[in-house]
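Data block below; observations after.
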Amino acid sequence: MRKIYELSSHVADLIAAGEVVERPGSVVKELLENAVDAGASAVTAEIENGGMSYIRITDNGCGIGSQDVETAFLRHATSKIREEGDLAAIGTLGFRGEALAAIAAVSRVELLTRTAEEEAGTAFSLEGGVPGEKSTAGCPEGTTIVVRNLFYNTPARLKFMKKDTAESANVFSVVRSMALAHPEVSFRLLRDGREELHTPGDSQLISAVYSALGRNFALNLLAVDSACEDIRVRGFVTKPVSGHGTRGNQHFFVNGRYIKSRLLTAALEEAYKNQMMVGKFPGCVLHLDIRPDAVDVNVHPAKTEVKFVNERRIFDAAYTSVLHTLEADREAPALREREVRGPRTVSEPEYVQQELEGVPAAPAFSPAELQTGTRAFHTAVPPADSELKGDSRPLGEGNYASYRGGAADFYSVPATGGFPLRAASPPQDVKLVLTGTEIAADAVQPVTAPLPSTPEITAEDCVPGRFRVLGEALATYVIVEVTDGVLLIDKHAAHERMIFDRLRANPASVMAQRLLVPVVAELPREESAALLGNLPLLEEFGFEAEDFGGGSLIVRQAPGDIAAEEISSTLSELAGKLLAAGRTDPAARRDEVLHTVACKAAIKAGSRSSPEELRVLAEQVVSGRVKYCPHGRPVAIFLSRSQLEKQFKRA
Ligand code: ADP
Ligand code: MG
């Protein structure tokens, strides 16, 4: 046995410092928290070289009195708690009294501070935790701390630091989280002299969201605000139609503290269940205000993880609050359904409100229509400037007019004796059978070009592999008659699979297209860093992009099948997947890129397809070459003759 020694306080400090100060971002986090605890209304963070060589945090808070300056840098020295009992109800961000000591132990620190009561301020410095000069200095009320040469005396840790860009990205996300946690404080981040973030500090959460997460994110949110007993949940969640490619946009806060929580992620996503596409994730900025004694923040030195005393209650509160918000929003499609019936340009809520009263339900099939089959299903293309423009979604089940965008409506066509799917071409004299205003015929276009006529099936058609495309339903499903049954093919899923297989066999088959106008994709730091780290892989699939500064990428070339307006979202999705795949095997990363490109390049549900496209898809499915989409969902449903006969009570 070796002899046991007590470690010197210097070595003990270094070890303790390692827990609190992992990287530049953790220094910034601790110093910002101190500024907020000091009651600052404006805080500026400046970094150079990702924070490795220089970090400066300036606040206009209460300052540190001259007599307390040395004490503040001692381990377990704090002004925020006194006794054991205080631990049960912590109302400040800091309380462990470790941060300044830990930071000072592994860097060169300069402090400049003044309280309101003092005439002159105090300057103080430390090097590797060893106190240096203390002097009086003129300075405004508040505190400025400069941290230089982080980890200069711990070479082992220095080795673990990532590139400056990665550390900068981490600092950015730290400042962003603080800004979202404290809309009452104006935060500013300067990186190598350039302003990267600046929130107004006007106490409006949405202002902070707008400044910190960007316009795009801010415009696609629903407000959450509800209280379940003593748990208040407030903030914003993504509209179900605006899902993100990753979980990177989920920001949770408990009592003003940014936290990571699987529990809250699960609660959020549970609320979106069946409302958001597989592979899409809701974003959020959610604040939970709970009794301080209902949560333990003292489980992790960096305090990014918390322990809830009653997890079930927290889950339920978050889940029900979000669910209520989404449910309230779900009424919106129904409103739009009414909107379609009024004059098309009107979309003011008051108008819609009036319309709601006394508007009969959707017109049902009349017996006459059933007899003659004179009603066809077409897509009304809204005028370009209409509110209805935008994303199209597949129709909800049994709710024929509830989707946004290409609002589907019934209209009557002159009797042709055909059944709906056989309606030849868009009749010119069409009148909408809708309550209220009529819509001009030229606003209405058929889902596809004139459908091929469908003669009676003959014996020779009944050969395995024979098929006949009957048309397309709901701008999403190809209807195909095959031997002894009918196939309904999800055109997006089938097409996605085809592209996926083709790309996997031969990535060079991507038709890369130079963009006339380069697209600038504004992405979260982490995401753009992930993309920049995988440029060769992206190039292989036809992307040509480069750093455009401030987290943006400029894209000059992209796979031709991906629409220009889809490029940003495609890259964001890709980045998320690359981040998730991490440094694991390159094959997995390739597959992720394949998935994303295939999905984005595939025909969209809700879009119009030519008869030829429908035929090719049907052929692939009927031949058995395409069975499941790359996500494992089926691409087709088969209705056999006997199933149909049973349904119609013929059997
Ligand atoms: P803690 O925040 O856990 O109390 P720190 O080591 O971060 O521990 O800070 C020690 C003490 O120094 C704080 O309790 C506070 O009194 C003081 N202090 C630190 N930073 C500031 C600041 N920016 N403004 C005013 N006081 C500060
Ligand atoms: Mg602190």
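Bear in mind the structure is a predicted one, so any value in this text is a computation, not a measurement. One-based numbering, in listed order, for ligands and for the atoms of each. One is the number of the first residue; the rest follow in order along the sequence.
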Is there a polar contact between ligand 1 and Leu100, counting only N or O atoms under 3.5 Å apart? yes

With only distance considered, is Gly97 within less than 3.5 Å of ligand 1 through an N or O on each side? yes

Please enumerate all residues that pass ring pair (Phe, Tyr, Trp, His ring centres under 6.0 Å) together with Tyr210, with sequence neighbours excluded. none

Minimum distance, heavy atoms only, to atom 27 (C) of ligand 1: which one of Asn34, Asp68, Thr92, Ile64 is it? Ile64

Close-contact set for ligand 1 against Ala99 heavy atoms, below 4.0 Å: 6 (O), 7 (O)

N/O separation below 3.5 Å, Cys62 to ligand 1: no

Spacing of SG belonging to Cys284 relative to CG belonging to Asn249, to within rounding of 0.5 Å: 9.0 Å

His244 ring center within less than 6.0 Å of Phe217 ring center: yes

Less than 3.5 Å apart, any donor N or O on the side chain of Asp202 or Ser207 sitting next to an acceptor on the other? yes

Closer than 4.0 Å to some heavy atom of Ala38 - which atoms of ligand 1 meet that? 24 (N), 25 (C)

Under 3.5 Å, is there a donor on one side chain and an acceptor on the other for Ser211 and Thr199? no

Using distance alone, with no hydrogens and no angle criterion, decide if Glu527 and Ser572 have a side-chain donor and acceptor under 3.5 Å apart. yes

For His287, which residues count as a ring pair (Phe, Tyr, Trp, His ring centres under 6.0 Å) partner, sequence neighbours excluded? Phe253

For ligand 1, which is the ligand I care about here, please tell me if Asp59 has any N or O atom under 3.5 Å from one of the ligand's N or O atoms. yes

Using a 4.0 Å cutoff against the non-hydrogen atoms of Ala72, which atoms of ligand 1 qualify? 10 (C), 12 (O)

If you count every heavy atom of other residues, nucleotides or ligands that lies below 6.0 Å from Phe548 atom CZ, does the total exceed 12? no

Test of understanding: given a 4.0 Å heavy-atom threshold, classify the contact between Ala40 and ligand 1 as side chain, backbone, both, or neither. neither

Taking 2.8 Å as the cut-off, does an N/O/S atom of Asn34 lie below it from the Mg ion (ligand 2)? yes

Out of Asp59, Leu111, Thr44, Thr58, which one pairs with Thr144 under the side chain to side chain contact (heavy atoms under 4.5 Å, CB included) rule? Thr58

I need the atoms of ligand 1 closer than 4.0 Å to a non-hydrogen atom of Ala77, numbered in the order shown. 10 (C)

Taking distance alone, with no angle check, do Thr78 and ligand 1 share an N/O pair under 3.5 Å? yes

Does ligand 1 have any atom sitting under 4.0 Å from a heavy atom of Gly61? no

Out of Ala102, Ala101, Ser79, Gly39, who gets a non-hydrogen atom closest to atom 16 (O) of ligand 1? Ser79

